[in-house]
Amino acid sequence: MGYTDSVKDSDNQSHEDTSRSDVSQDSAISTPEQQRRIFRAFDWMLVPVASILLGGIVVFLVALTVGDWDYWQDWRDRRWWPLVTPVSLMVAPAVFTYFFWKYFRLPIAATSIMMGYMIAAWVSRYANFHLFADFPMAFVSPSNFIGMAIILDSVILLTRSFYLQGFIGAFLFGVVIYPLNWPAAAAFHTPLVWDGYIVTAADLMGFMYIRTAMPEYVRIIEESTLRTFGEAVTPLTAFFAGFLTILNYYLWVWIGSKLAVSRWATKLI
Amino acid sequence: MIKKMKIWQLPLMVICLVGFQLYSDVVLAHGERAQQAGIRMRTMYWWDVDVQPTTVKVGDIVTITGKFMPSSFWPEHLASSEVASFMNIGVPGPAFLRMHSYVNGTPMVRSTRFFRGKEYHFKVILKARQTGVPCASCCQC
């Protein structure tokens, strides 16, 4: 947006305003080509930094709202993990999708944020959970959410509509979390018998690697067993998560529309 | 404009604060209340607890046995042990692996119910996984 306009402006100014052209001769940027290169360099610098920064914000958000549900393999149950996680993860992509699409026509917000989050999550799990607390990395490795974000961004790229992105993209964002993570989770759903009880490999790891006062939520919800097996509950949860994510998307896009106005910037300056 | 905003913001803030206060529930995930002395005296009574052996090498087995009884004066604001209970054990990180856990001879892989005033016998078998900090070099006590 600003790049082509400003190139045109600088061309016009160089013809019309001689005093400004003197200034531009003093500057390191004197041609449209140089200006274009500076814009590109700025993008290459800004996008990774913004991704990691926004990813860090999402790490805090997920820690506060999803927390243990995504920290441990045995907490990724069939009822709450596929519901809580996409609803919470939708917040930052929805806000920044409004900003990036409305002002820059860039369908990259969700994917960049989720990439940043995944980098930050892997660093956190490896440094904190594995090196510091000494849990096996397989037991604490993060789930993968990048596919959900790519779907969300693809929908706005194809439809160019916030309404349709919410209706189709946000719904799929909530629905596909379980199938996208199924290949990684499948091995942990292997049924085992321990002390005469049937448990999943994830349940057994949770039993053996002791965590103080955990994992009580899931045991209370499921009344005595963890049940990380999928079964019929999972698709129902996925559809419910999809509907909730649609509502959450519209809410946070609306909040994004209120936040992404120049009034806040002028107040700061 | 600012005066108008303040007029409608104040009741909204009051409603939000009161609503949050009324809606907030007891936190029960991480044993936040388990350390309060007054509550510990009214929840689980433990006795005859024995840890054998007390010094082990990595890979050795530690057996913990003892008895417990849920208090008849269990606080109403805590989740009841008669709804869903899990026989857990506290270790500093996974320094030990829990191999087996029994209450009255029944394996405690899953949760169960512990009734108030009833005596239970427990046995937990752990395997040493990591070397700990030697007692003499620790400054905690």
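In what follows, chains carry the letters A, B, and so on, assigned in the order in which the sequence lines appear, proteins first and then strands, with residues in each chain numbered from 1.
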Any donor-acceptor N/O pair, Asn88(B) side chain to Arg211(A) backbone, under 3.5 Å:
yes
Using a cut-off of 6.0 Å, state whether more than 12 heavy atoms not belonging to Phe167(A) lie near its atom CZ.
no
Look at atom CZ of Arg113(B) and say whether more than 12 heavy atoms of other residues, nucleotides or ligands are closer to it than 6.0 Å.
no
Taking the side chain as every heavy atom from C-beta outward, state whether Leu126(B) and Ile210(A) have any pair of such atoms under 4.5 Å apart.
yes
Check whether more than 12 heavy atoms from other residues, nucleotides or ligands sit under 6.0 Å from atom CH2 of Trp254(A), and answer yes or no.
no
Between the main-chain N or O of His100(B) and the side-chain N or O of Trp194(A), is there a donor-acceptor pair closer than 3.5 Å?
no
So, is the end of the Arg98(B) side chain (NZ or CZ) under 6.0 Å from the ring centre of Phe207(A) and within 45° of the ring's axis?
yes
Do Asp134(A) and Arg129(B) have side chains that approach each other closer than 4.5 Å (heavy atoms only, starting at C-beta)?
yes
Heavy atoms of other groups near Phe240(A) CZ, more than 12 under 6.0 Å:
no
Within 6.0 Å of OH in Tyr126(A), more than 12 heavy atoms from elsewhere
no
List the atom of Ala133(A), the atom of Pro94(B), and the distance in Å for their closest heavy-atom pair.
O-CD, 3.1 Å
Show the nearest heavy-atom pair for residues Arg110(B) and Ile198(A), with the distance to one decimal.
NH2-O, 3.1 Å
